[in-house]
Amino acid sequence: MSEFGIFLTSMILSGIFLLFCIGVDLVSYIRKKNIIKPVEFFAPKGYSPIDAALVYSARRVKANALFTPLLLYWADQGFITVEEDGRGLKITKKKWLLPFEESGRTNRKTYDCELTLFSSMFRGKEDEFYTLAATKSVDKAYDETINDCKKLSRSVIGKTGKIISLAMKIGAAVLAFFIGILISFHTEAPIALIMLFPVIGVFLMKFMPEPAIVRVPFMAVWGGVPLLAALFIVPSSTLFRISIGVAILVLVLTVSWFAEKADFRKKEDLQIYGKVCSFKRFLTVADKNRLEALVEEFPDYFYDVLPFFYVFGITKKMRRKFDKIIPDGSMRALGPIRDIYID
């Protein structure tokens with residue numbers, strides 16, 4: 001095969017594969033978009049912030065941002081109180097989490113995640129926890145909770161979604177390696193072996209800690225150095241370099257974006273997703289008069305929905321809406337820290 005033939009083959013295969021990925025994600029999006037979403041004033045019954053976050057975000061959930069909404073949720077349920085203190089926030093236990101059978105919760109796995117974290121904060125007879133002074137004592141349990149949430153998030157998309165996602169990732173890796181093989185035969189250089197480094201690196205990043213300060217340097221060294229060698233050190237033409245670059249780009253996009261958006265839940269799970277989306281939509285579009293009516297009908301309404309502002313990332317928007325509705329000063333079970341929690 002000629003040099004141009006290899007380049008053309010690479011571009012065609014990459015284009016077809018990208019179109020396939022886009023098509024899969026489009027079908028996934030349409031399935032979720034077409035779910036009937038009745039108006040919901042509250043989160044689904046028996047759902048904690050973790051439950052709502054998993055349903056709403058699936059594999060894109062930010063598990064390391066669930067601590068604050070969990071504190072608010074526990075405070076609203078009467079399990080803790082929260083106050084400002086010289087050592088950060090002072091969390092005081094009022095009672096233990098109810099057993100799962102009595103809690104009204106619907107998901108045993110997410111309940112167990114919360115119980116692990118709650119138990120680590122209040123060990124033995126300890127009834128107080130300081131977010132700054134005592135954080136290290138729960139680091140292990142907190143990391144365990146986050147990891148459990150991430151594992152659960154991968155199961156939200158359903159069995160079909162997991163199979164399609166895995167197939168897309170493997171397909172992208174095979175495509176990148178195949179293009180490397182074609183170029184290797186033509187140039188008689190081990191580009192195919194060099195291509196293995198970024199291929200493996202992209203997959204390894206999925207199992208690394210979340211902060212970019214860890215993942216980016218790793219990928220820059222593990223995948224970037226061999227890739228630069230393939231592009232500039234190993235003798236190859238401009239067309240081959242473009243082919244290699246496109247192959248790696250398709251691989252990275254597929255693993256980090258397209259495959260993560262493949263979401264094929266069961267019909268009953270999509271119904272719950274519709275309720276959670278409807279709940280968020282109501283919060284963001286409801287006018288002041290409607291919210292005032294709800295607060296008047298349900299005096300605890302603000303405290304019940306507050307944890308979910310963080311789950312949906314709408315705290316600032318909701319602060320403007322509720323600012324004149326709820327009274328200034330202390331909030332129930334939260335002490336005089338109203339501005340901190342809805343800022």
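Throughout, numbering of the chain's residues begins at 1 and tracks the sequence.
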Applied to residues 48-82, the ring-ring contact (aromatic ring centres under 6.0 Å, His included) test, sequence neighbours excluded, yields Tyr56-Phe312, Phe67-Tyr142, Trp74-Phe118
Kindly state whether the ring of Phe42 and the ring of Tyr301 have centres lying under 6.0 angstrom apart. yes
Value for CD1 (Ile80) from CG (Asp127), rounded to nearest 0.5 Å, stands at 12.5 Å
Interatomic distance, CG@Leu71 vs OG1@Thr81, rounded to 0.5 Å, equals 11.0 Å
| query | Should Arg154 and Glu260 count as an ion pair when the cut-off is N to O under 4.0 Å? | reply | no
- request: Using atom types as modelled and distance alone, determine if a side-chain donor or acceptor of Thr254 lies under 3.5 Å from a backbone N or O of Met168.
  value: no
Point to revise | Side-chain donor/acceptor of Asp76 to backbone N/O of Leu72, under 3.5 Å | key: no
Next item on the list: May I ask you to check if Arg290 and Phe41 form a cation-pi contact, with NZ or CZ under 6.0 angstrom from the six-membered ring centre and within 45° of the axis?
Entry: yes
What do you reckon, is NZ of Lys32 surrounded by more than 12 foreign heavy atoms closer than 6.0 Å? yes
(Q) For residues Ile35 and Phe279: do they belong to one hydrophobic cluster (side chain heavy atoms under 4.5 Å, members Ile, Leu, Val, Met, Phe, Trp, Tyr)? (A) no
Subject >> Glu114 and Ser48 side chains, donor-acceptor separation under 3.5 Å >> reply: yes
Sorted by chain and residue number, the side-chain contact (heavy atoms from CB on, under 4.5 Å) partners of Asn107 (sequence neighbours excluded) come out as Asp51, Lys109, Thr110
Discussion item. Could you walk me through whether Asp25 and Tyr29 satisfy the side chain to side chain contact (heavy atoms under 4.5 Å, CB included) test, starting with their C-alpha distance in whole Å, then the side-chain angles of each, then the deciding distance to 0.1 Å, before giving a yes or no?
Written reply: CA-CA 6 Å; Asp25 287 349; Tyr29 173 78; over 6 Å; no
* Asked: Can you tell me if Lys321 uses its side chain to pair, donor with acceptor, with the backbone of Thr284 under 3.5 Å?
  -> yes
Check this for me, if you would: do Asp263 and Arg265 make a salt bridge, where the nitrogen-to-carboxylate-oxygen distance has to be below 4.0 angstrom? yes
* Donor-acceptor contact present, side-chain Ser120 to main-chain Leu117, <3.5 Å -> yes
Ignoring hydrogens and angles, tell me if any N or O in the side chain of Thr116 forms a donor-acceptor pair with the backbone of Asp112 under 3.5 Å. yes
Donor-acceptor contact present, side-chain Ser2 to main-chain Gly5, <3.5 Å: yes
Between Ile179 and Ala247 the two heavy atoms that sit nearest each other are CD1-CB, 3.7 Å
Next item on the list: Return yes if some donor-acceptor pair links the side-chain N/O of Ser243 with the main-chain N/O of Leu239 below 3.5 Å, else return no.
Entry: yes
- [ ] Please confirm whether the backbone N or O of Phe100 pairs with a side-chain atom of Ser103, one donor and one acceptor, at under 3.5 Å?
- [x] yes
Could you check whether Ser165 and Arg59, counting side-chain N and O atoms only, form a donor-acceptor pair closer than 3.5 Å?
yes
Here the gap from Leu18 atom CG to Leu249 atom CG, rounded to the nearest 0.5 Å, amounts to 7.5 Å
Following the transitive rule for hydrophobic clusters with a side-chain heavy-atom cut-off under 4.5 Å over Ile, Leu, Val, Met, Phe, Trp and Tyr, establish whether Val250 and Leu19 coincide in one cluster.
no
Going by chain and number, the hydrophobic cluster around Leu166 (ILVMFWY, side chain to side chain under 4.5 Å) further includes Ile170, Val174
